[in-house]
Participant: 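Mind looking over this structure? Questions follow.
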Protein chains: 2
Amino acid sequence: MSLKFAILGVLELKPHTGYDLKKTIEASVAHFWSADQSQIYRTLALLVADGLAEVEVITQDGRPDRRLHRITPTGLTALHGWLASPLPPETPHDAFLVRVFFVGELGIPAATALLQARRAEADAVLFRLTALVGQDGGEAVDLAHTLRRATLRNGIRHAAAELAWLAETVEALS
Amino acid sequence: MSLKFAILGVLELKPHTGYDLKKTIEASVAHFWSADQSQIYRTLALLVADGLAEVEVITQDGRPDRRLHRITPTGLTALHGWLASPLPPETPHDAFLVRVFFVGELGIPAATALLQARRAEADAVLFRLTALVGQDGGEAVDLAHTLRRATLRNGIRHAAAELAWLAETVEALS
DNA sequence: GTCCTATATGTGCATGGTCTAATATAACCA
DNA sequence: TGGTTATATTAGACCATGCACATATAGGAC
């Protein structure tokens, strides 16, 4: 659902081909959204069909033509409407917590192993995001930039929360 | 994917009909997993087809027969295997952060409104989970119980982290 | 010379999930 | 008496995602 708008958002910044989009997404929003390449192409086609984006074909030889997509005024309206619309209720799906809930059957060592594995992951995420925020410099001036940094900080906060919870939980098991 | 195992986990505790399962899930793991009723029935059918669960039909009149599902030894093995298997890499999909990332276009008031709405939600989650943990008493003794409480505490930690992040971010916007 | 990577777009298939609705009865409330 | 809620299962349509694969060429690594 939001892939549509994530793509519109990227197209607003700059026209993209499907190929570029994949790269831009990986380089900018990968920490909270991921998209399969075929899904990107499908969604682009859908946006064009709905009049939210338009295509300029740039012929090439030796490889497929580039299909450069840009957002239309209708698309811009749709994006802004979505950004201002109320948050839909979300249905949680956390497979890790399903494991935690039932892993008691296997005893304390198995439960601890599960938590340790999770800690390694959370550590890695924290490290990666912290590096990204650091790279970014500091002095944020414009609003867009501040918000983009905020998405990274969100990931950092949650990774830290997860680590704190893991420590507390491992402790409770012993 | 994990619905299969969430259901197996519940079946291990006690045999269930599809109808019961929906209620048990809502009453116990709803804070980290939700399941559509038709999806539950489909998954149950799949478990039976795979030999992981078996059905006892209890005839009733005036309403459909109850189809009571219980886990089989094979099912138990499958559940335990899953619980001990490595965590698969997860692809993030956070629609809220997509909004944060792009909402700059609409200016500070719109961005702030988005964050305020989120705060109301996080507050509600925190309140609800805190009440649940409180209800639960205190003195947890057995492992399963400790882990179940831990899933609640996980939600609490993340809700708190979200609130802290929101405060920091609203601040950064002003 | 051969293999891998980058460029660029797509199709097909399977999985997992949501929403809607059909069916049928009993119990409870207004 | 009439409407909602609870009991219980199941089918159909649709949507989003992911994985594998098809196609075709240029350029660099080894």
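As the structure is a computational prediction, the values presented were derived from the model and not from experiment. A, B, ... follow the sequence lines: proteins, then strands. Residue 1 opens every chain.
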Participant: In whole angstroms, how far is the P atom of C:dC19 from the CD1 atom of B:Ile40?
Facilitator: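 That distance rounds to 13 Å.
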Participant: Can you check whether any acceptor in the base of D:dT10 is under 3.5 Å from a donor in the side chain of B:Gln37, or vice versa?
Facilitator: yes
Participant: For B:Glu162 and A:His158, test the side chains for any donor-to-acceptor distance below 3.5 angstrom and give the result as yes or no.
Facilitator: yes
Participant: Counting any heavy atom closer than 4.0 Å, what does B:Thr43 reach on the DNA or RNA strands: base, sugar-phosphate only, or nothing?
Facilitator: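 Contact class for B:Thr43: none.
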Participant: Hey, which of these two, B:His93 or B:Asp65, hits DNA chain D nearer its 5' end, going by closest nucleotide?
Facilitator: B:Asp65
Participant: Whole-Å distance between D:dT10 C1' and B:Lys22 NZ?
Facilitator: 16 Å
Participant: Please answer whether the main-chain N or O of B:Ala30 pairs with a side-chain N or O of B:Ser34 as donor and acceptor at a distance below 3.5 Å.
Facilitator: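 The answer is no, because no donor-acceptor pair under 3.5 Å joins these two groups.
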Participant: Is a donor from one side chain sitting under 3.5 angstrom from an acceptor on the other, for B:Asp20 and B:Thr17?
Facilitator: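 Looking only at side-chain atoms, B:Thr17 and B:Asp20 do form a donor-acceptor pair, the distance falling under 3.5 Å.
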Participant: Is there a donor and acceptor pair, one atom on the side chain of A:Arg42 and one on the base of C:dG12, closer than 3.5 Å?
Facilitator: yes
Participant: Between A:Arg66 and C:dA8, is there a contact of a side-chain N or O with OP1 or OP2 at under 4.0 Å?
Facilitator: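 A:Arg66 to C:dA8 OP1/OP2: side-chain N or O found under 4.0 Å.
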Participant: Taking only side-chain N and O atoms of B:Lys23, does any of them lie within less than 4.0 angstrom of OP1 or OP2 on D:dT7?
Facilitator: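 Yes, B:Lys23 has a side-chain N/O under 4.0 Å of OP1/OP2 on D:dT7.
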Participant: Closer than 4.0 Å, any side-chain N/O of B:Gln39 to the OP1 or OP2 of C:dG16?
Facilitator: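 No, B:Gln39 has no side-chain N/O under 4.0 Å of OP1/OP2 on C:dG16.
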Participant: Can you tell whether the side chains of B:Arg157 and A:Glu168 come within less than 4.0 Å, N to carboxylate O?
Facilitator: yes
Participant: What is the separation between atom CG on A:Leu47 and atom C1' on D:dC15, rounded to the nearest whole Å?
Facilitator: 15 Å
Participant: Tell me the interatomic distance from B:Glu90, atom CD, to C:dG16, atom C1', rounded to whole angstroms.
Facilitator: 16 Å
Participant: Would you mind reading off the distance between B:Gln60 atom CD and D:dA8 atom P, rounded to a whole angstrom?
Facilitator: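 It is 5 Å, rounded to the nearest whole Å.
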Participant: If you compare every side-chain N and O of B:His16 against the phosphate oxygens of D:dA8 (OP1, OP2), does one of them come in below 4.0 Å?
Facilitator: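 For D:dA8, OP1/OP2 do not have a side-chain N/O of B:His16 under 4.0 Å.
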Participant: Would you say B:Ser85 and A:Arg99 are linked by a side-chain donor-acceptor pair, where the criterion is simply a distance under 3.5 Å?
Facilitator: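 Side-chain D/A pair, A:Arg99 to B:Ser85: present.
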Participant: Write down the distance between CG (B:Leu3) and C1' (C:dT15), rounded to a whole number of angstrom.
Facilitator: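 One finds 12 Å between C1' of C:dT15 and CG of B:Leu3, rounded.
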Participant: B:Glu56 has an atom CD; how far is it from atom P of D:dT9, in whole Å?
Facilitator: 13 Å
Participant: OP1 or OP2 of C:dT18 sitting under 4.0 Å from any side-chain N/O of A:Thr91?
Facilitator: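 Checking A:Thr91 against C:dT18: at least one side-chain N or O falls below 4.0 Å of OP1 or OP2.
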Participant: When the nearest nucleotide of DNA chain C is assigned to B:Trp33 and to A:Leu68 on a heavy-atom basis, which residue is associated with the more 5' position?
Facilitator: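 Result: A:Leu68.
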Participant: Whole Å only: how far is the CG atom of A:Asp20 from the P atom of C:dA6?
Facilitator: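 Answer to the nearest Å: 15 Å.
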Participant: Can you work out whether A:Arg63 or A:Ser38 has the more 5'-proximal nearest nucleotide on DNA chain D?
Facilitator: A:Ser38
Participant: Do B:Phe32 and A:Phe96 make the cut of ring centroids closer than 6.0 angstrom?
Facilitator: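 No, too far apart.
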Participant: Is there a side-chain polar atom (N or O) of B:Thr17 under 4.0 Å from OP1 or OP2 of D:dT9?
Facilitator: yes
Participant: Does D:dT10 have OP1 or OP2 under 4.0 Å away from a side-chain N or O of B:Tyr41?
Facilitator: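 No, B:Tyr41 has no side-chain N/O under 4.0 Å of OP1/OP2 on D:dT10.
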Participant: Would one find a side-chain N or O of B:Tyr19 under 4.0 angstrom from OP1 or OP2 of D:dT7?
Facilitator: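 Looking at the OP1 and OP2 atoms of D:dT7, one of them is under 4.0 Å from a side-chain N or O of B:Tyr19.
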